[in-house]
Amino acid sequence: MSKPRLTYFAGRGFAEVTRLALNAAQIEYDDVYLRTREEFLQLITDGKLMFKQVPLLEIDGKNLIGSECVLRYVCNKGKLQGKSDDDQTKIEMLSMGAKDMLKGGFSGAKFQATPEKEEEMLQSAAKQCKDRYLPVFEKVLGESKSGFLVGDSLTMADFMFFDGLSYVNEIPEIKPLLDDFPNLKVYIKHFSKQPGLKEYLSSPRRHSPPGDELVRVVKIVLDW
Ligand SMILES: N[C@@H](CCC(=O)N[C@@H](CS)C(=O)NCC(=O)O)C(=O)O
């Protein structure tokens, strides 16, 4: 069987949760980075992008799209799921919260038209995070015996939450927020030393939060 191929930009964005899950499942894959408009249009011509959007994961003879659907597929394949219906429901709820937390703007801020708008978006995301999302995850982790969000092993909820939390941890002006959430600091360390993830997170394949170069390439590829 050929190696899975994950096509996206050379940045975290919508692909990062799948990269985290593939690495945790220790599934070898190739990252294919889009750099030109032509490469993107070719994928559409080839019928690989159902809704003309990336990321695309080519795996098991399928063209999978939709970041959450792709993540679910990889979690199922890697047995990174809940062990009961109750656990699966918790996973879904926490994943939704983690997704909304990220939607607040940590990854989108860099794509704003002016530095003022970028700063405004970052600050608003930080406030939402502090008031609504981080206290919930802090409490859940305080009650967890395994150090994971649900049950005794990694699940989709962990990949989605860690993705959002990484921005908080890596954007210097937002990072002090974590001082009020000791369990989250422990969680970052615990998650980061899991097999497969430890190697990935310290490798050059793990991208930084978006910078000017990523914004430039995305604008070219998507013709913004
Ligand atoms: N719901 C999709 C959204 C993906 C998405 O918006 N991808 C952007 C790149 S980050 C894209 O391909 N945009 C092209 C377009 O909408 O024309 C997912 O979760 O994967």
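Computation of the quantities below employed the complete heavy-atom set of this structure, encompassing side-chain atoms and omitting hydrogens, waters and symmetry-equivalent molecules. Numbers for residues simply follow the sequence, beginning at 1. Both ligands and their constituent atoms are indexed starting at 1 by order of listing.
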Legend entry - Listed once per pair and sorted, the ring-ring contact (aromatic ring centres under 6.0 Å, His included) pairs that draw on residues 90-143, sequence neighbours left out: Phe137-Phe161
Legend entry - salt bridge (Lys or Arg N to Asp or Glu O under 4.0 Å) partners of residues 189-205, not counting sequence neighbours, each pair once: Asp31-Arg205
Could you give the side-chain donor-acceptor pairs of residues 94-102 under 3.5 Å, partners two or more places apart or in another chain?
unit_1 : atom_1 : unit_2 : atom_2 : d
Ser95  : OG     : Ile91  : O      : 2.7
Lys99  : NZ     : Glu68  : OE2    : 2.8
Asp100 : OD1    : Lys103 : NZ     : 3.2

Legend entry - NZ/NE/NH1/NH2 to OD/OE distance under 4.0 Å, Glu16 and Arg19: yes
Inset, instruction - Measure the CD-CG distance between Gln26 and Leu197 for me, rounded to the nearest 0.5 Å. - result: 8.5 Å
Please tabulate, line by line, the atom pairs linking an N/O of ligand 1 to a protein N/O at a distance below 3.5 Å, with the distance in Å to 0.1, or answer 'none'.
unit_1   : atom_1 : unit_2 : atom_2 : d
ligand 1 : 6 (O)  : Gln53  : NE2    : 3.4
ligand 1 : 7 (N)  : Val54  : O      : 2.8
ligand 1 : 12 (O) : Val54  : N      : 2.9
ligand 1 : 16 (O) : Gln53  : NE2    : 3.3
ligand 1 : 19 (O) : Ser67  : N      : 3.1
ligand 1 : 19 (O) : Ser67  : OG     : 2.5
ligand 1 : 20 (O) : Ser67  : N      : 2.9

Legend entry - Pair Arg206 + Glu170: basic N to acidic O under 4.0 Å: yes
